[in-house]
Structures are given as C-alpha cells and as structure tokens.
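As a basis for the values below, the full set of heavy atoms in this structure was taken, side chains included, without hydrogen atoms, waters or symmetry mates. Numbering of residues begins at 1 and proceeds along the displayed sequence. This one's a predicted model, so the numbers in the text were calculated from it and none came from an experiment.
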Amino acid sequence: MFDFIKNLANQFLNTPKLYGNIIDYSYGNEVYRHIRSNIILEKYDLVEEQIQRLNCDDLSTVIDFITLTVDENILLEWIENSNSRDIPTLMLGVFYNHEGWKARSHALYREVSQDGRKTFSYYQQKGLETLYKVSENTSLLTELYSRLMQFHMGESELDTAIDYFQKAKNRTPNDIWIYLRYSELIQPKWGGDEELVRELLANLPNHELSRQITLLKIIGEAYQAEINYFGNDMSELDKKANEILYEIDRSVSQNPPSSIHRYTLYCYLTIVAETINNHLIAEKYFAKMNGYYTLYPFGINPEV
C-alpha cells in the first residue's frame with residue numbers, strides 16, 4: 001500500500017520499531033508501558049489512578065496501545081476485579097473495535113471477503129454492546145463518544161456518528177482524535193459528502209496540532225477520492241498541498257510539538273509530501289517518524 005515508505009525505510013535503514021511482534025504503539029513511552037505492566041500484574045487501582053491523570057492525547061494513545069497488546073481475557077479479568085469498571089469496559093470495547101478492523105481491513109467494502117464482513121459485523125456488535133455499558137458519568141466521556149463515533153461509522157450510521165462527534169467536540173474542543181475520526185467519517189466512501197468536508201475546512205480547530213493533522217488527513221483523502229476539497233480543479237491540488245506542507249513545516253520548525261501525536265503529524269507529512277513528489281519534506285519527516293508508524297494513516301500493523 002505504501003511502497004514509497006518501504007523504499008524510504010530501505011534507503012534510510014529506518015524500519016518499524018516493534019513491541020513484541022507488532023508495531024510499537026507505545027511510541028517508546030515508558031508511562032504507557034508501565035500502565036500495561038500494572039494491568040498484567042493486576043494492580044488495577046494503581047492503573048486506574050494512572051489513567052485518570054492522563055491528558056486526552058495520552059489517554060487515546062495508551063488505550064490503543066493496551067488493547068492492541070493484551071488478550072481479551074485480561075480485560076475481562078480486570079472488569080471482574082475493578083472498583084471502577086468504566087475504564088476496563090471502555091478498553092474492552094476498543095479491543096473489539098480493533099479485532100473487527102483487523103478482519104475487515106480498510107479496503108472498500110466490495111473488496112472485503114464474506115468471512116471478513118461477517119467477523120467485522122460480529123465485533124462491531126460486541127464492541128457497541130460493551131461501550132454502551134460505560135456510564136455517562138465517566139470521566140472518560142470524550143473518549144467514549146469518540147470511540148462510539150468510529151463504531152457508528154463502521155455501521156454506516158452517519159447521523160448517529162456525527163452526533164457523537166458534536167458531543168465529543170463540545171466537551172473537549174481540541175481533542176485531536178475526534179477530528180481525525182470525523183474527517184474520515186464525512187468522506188463520500190462512508191456516506192459523507194463534499195459539503196461536510198468543506199464545512200469542516202471552514203471550521204477547523206484553533207489548536208495548532210489538531211488543525212495541522214486534520215488538514216493533512218483531508219489532503220490525503222482528497223487524493224484518494226480525486227476531489228479537490230480546497231478548490232474546483234484537481235490540477236490545483238498539488239499547489240495547495242505544497243503550500244500547506246511548507247506552512248506546517250515552518251510552524252513545526254519554530255514550535256516543535258511535544259504531544260505524543262507529533263508522530264501522527266510526521267507520518268502524515270511524510271505521506272502527503274511523497275504523494276506530490278516533495279521528496280525533501282518527505283525525507284525530513286520520515287526521519288522524524290523514528291520508526292513509529294501510527295494507526296492513522298497506516299492502520300494496524302502495516303506491512304512496511
């Protein structure tokens with residue numbers, strides 16, 4: 001899927017960093033790894049205290065890291081022995097979400113096998129049933145809404161998914177992942193349309209990293225859909241993409257992001273730059289990826 005990434009990896013000897021036998025979705029963060037170790041050691045009270053202290057960027061990342069590296073039975077055991085079941089229940093729902101997408105892949109629906117569709121549907125239902133058990137009083141409500149938005153996207157329930165985006169945005173306006181998920185949700189391939197994408201472009205978040213990643217995500221989607229969301233003619237998209245690349249590059253050089261989602265930004269900068277043959281920017285940010293291949297845009301455990 002990303003042949004040029006393979007070429008860059010071979011050229012610069014910057015192969016994916018692993019955690020066990022999958023991509024390292026902790027991105028080298030020792031706090032995330034410590035939380036995972038405490039789950040394995042059944043120190044649930046400590047884990048829940050650690051998770052409650054995380055900001056929204058770290059929370060979304062640690063949830064993905066844990067649910068991609070532990071078994072279902074570990075999460076079920078945590079639920080059974082927890083004083084605060086909302087956290088492990090949310091994680092179990094996300095675990096089912098990942099299992100479903102592993103089976104389905106991100107191919108077009110018509111390209112997914114019957115077995116893939118059936119398994120995806122099974123985990124979608126299990127995941128939704130699990131997430132709806134999480135209390136509306138949870139302190140992780142933004143994360144819950146964000147994950148429900150993704151589930152309902154998978155069910156092609158656009159209006160319901162958009163409602164969860166609005167709820168999440170009202171609670172945490174600068175959460176990066178709600179904009180990432182929403183910018184995918186409103187693509188025509190998921191039942192959205194150009195008008196929704198253009199409306200998002202006119203109302204981008206003020207938070208710099210959220211705005212940058214959302215812009216790059218939309219550029220990537222524009223090339224896939226062959227729709228210039230920034231104008232009328234596809235022939236003009238390369239020029240606009242280059243302008244945005246250099247604008248973000250200047251900003252990052254002046255104010256390097258500290259959020260763990262900086263790796264998501266670097267991945268998108270690499271892909272968009274290589275798409276328009278801006279090899280200078282692509283090579284610069286491929287080096288900054290440091291071997292960390294983020295879930296967006298690469299998906300789960302890509303072959304790179």
Side-chain angles (χ1 to χ4, degrees), residues 25 29 31-32 34-101 123-155 157-182 185 205-207 210 259-261 295:
Y25 293 113
N29 188 295
V31 173
Y32 303 167
H34 189 233
I35 291 172
R36 182 187 182 279
S37 295
N38 284 335
I39 294 171
I40 304 299
L41 294 171
E42 301 181 6
K43 297 181 179 180
Y44 302 133
D45 289 344
L46 178 57
V47 168
E48 288 154 18
E49 287 176 18
Q50 290 175 305
I51 288 174
Q52 294 286 5
R53 292 198 295 266
L54 297 175
N55 64 34
C56 59
D57 292 356
D58 291 321
L59 176 64
S60 61
T61 309
V62 81
I63 288 174
D64 284 321
F65 169 59
I66 289 168
T67 54
L68 285 165
T69 57
V70 302
D71 295 330
E72 178 184 16
N73 66 308
I74 290 175
L75 297 173
L76 290 169
E77 178 114 5
W78 181 6
I79 291 171
E80 285 302 311
N81 295 280
S82 173
N83 292 319
S84 175
R85 292 189 173 190
D86 282 344
I87 294 173
T89 301
L90 175 59
M91 289 217 186
L92 183 63
V94 175
F95 172 87
Y96 293 139
N97 179 252
H98 288 317
E99 291 301 299
W101 283 102
Y123 280 116
Q124 279 283 111
Q125 291 306 310
K126 286 199 76 168
L128 276 171
E129 288 170 7
T130 303
L131 288 184
Y132 279 123
K133 292 177 183 177
V134 178
S135 167
E136 286 275 332
N137 295 321
T138 179
S139 60
L140 309 183
L141 200 52
T142 298
E143 187 68 22
L144 174 63
Y145 290 155
S146 181
R147 301 290 178 167
L148 284 168
M149 172 173 60
Q150 188 173 30
F151 267 105
H152 286 287
M153 180 187 79
E155 294 291 286
E157 294 170 348
L158 182 67
D159 290 344
T160 303
I162 289 175
D163 285 346
Y164 279 116
F165 167 72
Q166 294 294 344
K167 288 180 177 181
K169 185 178 74 167
N170 290 342
R171 285 185 57 83
T172 313
N174 295 324
D175 186 293
I176 291 169
W177 276 83
I178 64 172
Y179 286 97
L180 250 179
R181 293 188 175 112
Y182 183 69
L185 163 69
N206 293 323
H207 184 264
S210 296
S259 165
I260 195 68
H261 291 323
L295 285 172

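Considering only residues two or more places apart in sequence or on other chains, Lys126 meets the salt bridge (charged side-chain N to carboxylate O under 4.0 Å, His left out) condition with Glu72. In this view, Gln52 and Ser139 satisfy the side chain to side chain donor-acceptor pair (under 3.5 Å) rule, not counting sequence neighbours. Partners of Tyr145 by ring pair (Phe, Tyr, Trp, His ring centres under 6.0 Å), not counting sequence neighbours, listed by chain and number: Tyr164. The side-chain contact (heavy atoms from CB on, under 4.5 Å) check on Lys133 picks up Thr89, with sequence neighbours excluded. By the side-chain contact (heavy atoms from CB on, under 4.5 Å) test, Asn81 pairs with Tyr44, Glu77, sequence neighbours left out. Residues satisfying the ring pair (Phe, Tyr, Trp, His ring centres under 6.0 Å) test with Tyr179, not counting sequence neighbours, are Phe165. In this structure Glu48 satisfies the side chain to side chain donor-acceptor pair (under 3.5 Å) test together with Trp78, Ser82, sequence neighbours excluded. Looking at residues two or more places apart in sequence or on another chain, you find a side-chain contact (heavy atoms from CB on, under 4.5 Å) between Gln50 and His34, Ile35, Asn38, Leu46, Val47, Arg53. Every residue two or more places apart in sequence or in another chain was checked for a side chain to side chain donor-acceptor pair (under 3.5 Å) with Asn29, and none qualifies. Every residue was checked against the side chain to side chain donor-acceptor pair (under 3.5 Å) condition with Thr130, not counting sequence neighbours, and none meets it. Residues passing the side-chain contact (heavy atoms from CB on, under 4.5 Å) test with Asn174, sequence neighbours excluded: His207.
You'll find the side chain of His261 reaches within 4.5 Å of the side chain of Trp177, heavy atoms only. Taking 4.5 Å as the limit, every side-chain heavy atom of Leu75 sits out of range of all side-chain heavy atoms of Pro88. Residues Asp163 and Met149 fail the side-chain proximity criterion, which asks for heavy atoms closer than 4.5 Å. Contact annotation: the side chain of Leu295 approaches that of His98 to within less than 4.5 Å [non-hydrogen atoms, C-beta and beyond]. Under the 4.5 Å side-chain criterion, counting only non-hydrogen atoms from C-beta, Glu143 is not in contact with Thr172. With contacts defined as side-chain heavy-atom distances shorter than 4.5 Å, the pair Tyr182/Ile162 qualifies. At a threshold of 4.5 Å between non-hydrogen side-chain atoms, the residues Leu128 and Leu148 count as touching.
The closest side-chain donor-acceptor pair between Asp175 and Thr142, if any, does not fall under 3.5 angstrom.
Minimum heavy-atom separation, Ser210 to Pro205: CB-CG, 3.6 Å. The shortest heavy-atom contact between Leu141 and Ser135 is CD1-O, 4.4 Å. Pairing each heavy atom of Gln124 with each of Phe151, the nearest pair is NE2-O, 2.8 Å.
Checked options Ile39, Leu59, Asp58; the residue passing with Ile51 is Leu59 (criterion: side chain to side chain contact (heavy atoms under 4.5 Å, CB included)).
With rounding to the nearest 0.5 angstrom, the CD1 atom of Ile63 is 4.5 Å from the CG atom of Leu90. The line from CD of Gln150 to CD1 of Ile178 is 13.0 Å long, rounded to the nearest 0.5 Å. Annotation: the span from Arg181 atom CZ to Ser60 atom OG amounts to 7.0 Å, rounded to 0.5 Å. Between Asp71 atom CG and Ile40 atom CD1 the span is 8.0 Å, to the nearest 0.5 Å. Rounding to the nearest 0.5 Å places CD1 of Ile87 at 5.0 Å from CG of Leu140. Note that the OG1 atom of Thr69 and the CZ atom of Phe95 stand 10.5 Å from one another [nearest 0.5 Å].
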Walk me through it: do Leu54 and Val62 pass the test side chain to side chain contact (heavy atoms under 4.5 Å, CB included)? CA-CA 9 Å; Leu54 297 175; Val62 81; 3.5 Å; yes

Please determine whether side chain to side chain contact (heavy atoms under 4.5 Å, CB included) holds for the pair Tyr25 and Ile66, giving the CA-CA distance in whole Å, both sets of side-chain angles, and the decisive distance to 0.1 Å. CA-CA 9 Å; Tyr25 293 113; Ile66 289 168; over 6 Å; no

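Note on residues 78-90: no pairs pass salt bridge (Lys or Arg N to Asp or Glu O under 4.0 Å), not counting sequence neighbours.
Heavy-atom neighbours of Asn170 CG from other residues, nucleotides or ligands within 6.0 Å: above the threshold of 12.
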